[in-house]
Protein chains: 2
Amino acid sequence: MIPQGEDDLLARSRALCDAMEDEDDWLKREVLSHAGNRWAFGVIHSLKEGGKLRHAEIRRRLGGVTQRMLTRTLRQLERDGLIHRQDHQEVPPHVEYELTRLGEEFLLKIIPMWLWIFEHAEDFRQARKEHSTAASE
Amino acid sequence: MIPQGEDDLLARSRALCDAMEDEDDWLKREVLSHAGNRWAFGVIHSLKEGGKLRHAEIRRRLGGVTQRMLTRTLRQLERDGLIHRQDHQEVPPHVEYELTRLGEEFLLKIIPMWLWIFEHAEDFRQARKEHSTAASE
DNA sequence: CAGGATCCAAGGGGATACTG
DNA sequence: CAGTATCCCCTTGGATCCTG
């Protein structure tokens with residue numbers, strides 16, 4: 001798919017690589033790391049589907065995440081502007097999270113890559129298997 | 001952009017999230033980590049442009065990477081089948097690396113996200129600035 | 001030339017307990 | 001309910017030195 005514009009994509013990417021000396025390096029690390037983050041994708045996904053959600057509700061949807069890790073993930077995403085945190089200043093605490101426009105766009109950008117990875121799950125498994133057998137020879 | 005098929009994307013992603021219980025989690029971690037890896041993207045990019053390259057040549061193109069980190073990155077990419085390592089068994093050592101078909105596809109899949117992030121660099125900077133001012137209030 | 005060995009600092013991920 | 005504090009292990013990124 002998307003055979004058109006391949007050279008163009010590479011050229012633009014190349015230009016960015018050259019331009020990205022030191023100043024923009026934090027951007028890659030900061031933002032792209034979320035894509036590899038253990039819970040970030042699930043959080044964004046949940047918020048996309050559920051709209052405005054509370055901490056406990058997100059935890060329920062994810063399953064397996066600890067309070068601490070969820071809090072850290074939420075803080076990180078908030079800091080980068082992908083989600084919005086709304087504290088209702090109530091007792092007991094009532095805090096709601098929702099995707100920002102930036103967060104929605106981010107989700108739509110990483111889903112294709114995400115899908116591609118899982119579509120090629122067998123290729124990756126195969127590559128690893130071949131590699132381990134080659135190593136044992 | 002790409003307003004068409006948004007629901008479809010989400011539905012497919014949702015289905016994958018549900019299906020991905022424990023077994024496929026390594027896949028996400030392993031493969032997606034390359035996207036956030038400090039050097040992986042540059043390595044893949046160099047190989048896409050330069051074809052078959054040696055260790056030292058890749059180092060020259062990247063600039064700033066240590067031997068150790070480059071070796072580790074190459075090993076990781078090789079393990080996941082994104083690049084191929086060809087040891088010519090010579091003295092002095094002569095080892096060449098090149099992209100596999102899987103690696104090329106991977107590059108084309110992550111470039112759009114990559115470009116999007118840099119196109120929105122200002123948004124991220126702004127979000128962070130607002131967040132830090134909000135925190136200090 | 002390619003990369004292994006060693007040592008280090010920082011961060012990710014997690015378990016458990018506690019708090020306003 | 002939402003979150004913090006403390007402890008832990010593991011990985012990442014890196015500097016430096018050494019080797020076939």
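Sequence lines set the chain letters: A, B, ... in the order given, protein chains first and strands last, and positions in each chain run from 1. All of these numbers come straight from a predicted model, not from anything done at the bench.
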Please report the distance, rounded to the nearest Å, between [atom1] in [X] and [atom2] in [N].
| X | N | atom1 | atom2 | value |
| --- | --- | --- | --- | --- |
| A:His88 | D:dG3 | NE2 | P | 12 Å |
| A:Gln89 | C:dG20 | CD | C1' | 13 Å |
| A:Leu70 | C:dG14 | CG | C1' | 13 Å |
| A:Glu90 | D:dC1 | CD | P | 14 Å |
| B:Asp87 | D:dG20 | CG | P | 16 Å |
| B:Glu96 | C:dC1 | CD | P | 14 Å |
| B:Gln67 | C:dT6 | CD | C1' | 15 Å |

Residue met sooner reading DNA chain D from 5', once A:Thr71 and A:Pro93 are mapped to nucleotides: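 Final value for this comparison: A:Pro93.
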Aromatic ring pairing A:Trp116/B:Phe106, orientation class (parallel under 30°, perpendicular over 60°, tilted between):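 Rings of A:Trp116 and B:Phe106: tilted, 30 to 60°.
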B:Tyr97 vs C:dG3: side-chain N/O to OP1/OP2 distance below 4.0 Å: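 The answer is yes; a side-chain N or O of B:Tyr97 sits under 4.0 Å from OP1 or OP2.
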Below 4.0 Å: OP1/OP2 of C:dA2 and any side-chain N or O of B:Arg75: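 Indeed not, no polar side-chain atom of B:Arg75 lies that close.
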side-chain hydrogen bond (donor to acceptor under 3.5 Å, both in side chains) between A:His84 and A:Glu78, intermediate numbers included: CA-CA 6 Å; A:His84 177 68; A:Glu78 184 197 2; over 6 Å; no
Within the 6.0 Å centroid threshold, strictly below: A:Phe41 and A:His45: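 Ring-ring flag for A:Phe41/A:His45: true, centres closer than 6.0 Å.
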Residues within residues 46-63 of chain B bordering DNA chain D, heavy-atom distance below 4.0 Å: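 Result for residues 46-63 of chain B: none.
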Flag side-chain contact, heavy atom, 4.5 Å: B:Glu105 against B:Arg101: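 Yes, close enough: below the 4.5 Å cut-off.
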B:His88 and B:Pro93, any side-chain heavy atoms less than 4.5 Å apart: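 The answer is no, as the side chains (C-beta and beyond) never meet within the 4.5 Å cut-off.
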Side-chain (B:Arg59) to main-chain (B:Val65) donor-acceptor, under 3.5 angstrom: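 It does hold such a pair.
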Donor-acceptor contact below 3.5 Å, side chain A:Asn37 vs main chain A:Trp39: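 Yes, the answer is positive, given that a donor and an acceptor are paired below the 3.5 Å cut-off.
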Close N/O contacts between protein and nucleotides 11-15 of chain D (under 3.5 Å):
| residue | atom | partner | partner atom | Å |
| --- | --- | --- | --- | --- |
| D:dG13 | OP1 | B:Arg38 | N | 3.1 |
| D:dG13 | OP2 | B:Asn37 | ND2 | 3.4 |
| D:dG14 | OP2 | B:Trp39 | NE1 | 2.7 |
| D:dG14 | N7 | B:Arg68 | NH1 | 2.1 |
| D:dG14 | O6 | B:Arg68 | NE | 3.0 |
| D:dG14 | O6 | B:Arg68 | NH1 | 3.0 |
| D:dG14 | O6 | B:Arg68 | NH2 | 2.6 |
| D:dA15 | N6 | B:Arg68 | NE | 3.3 |

Electrostatic pair A:Glu130-A:Arg125, nearest N-O below 4.0 angstrom: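 So A:Glu130 does not pair with A:Arg125 through a salt bridge.
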NZ/NE/NH1/NH2 to OD/OE distance under 4.0 Å, A:Glu98 and A:Lys48: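 Not counted as a salt bridge, because no side-chain N and carboxylate O are separated by less than 4.0 Å.
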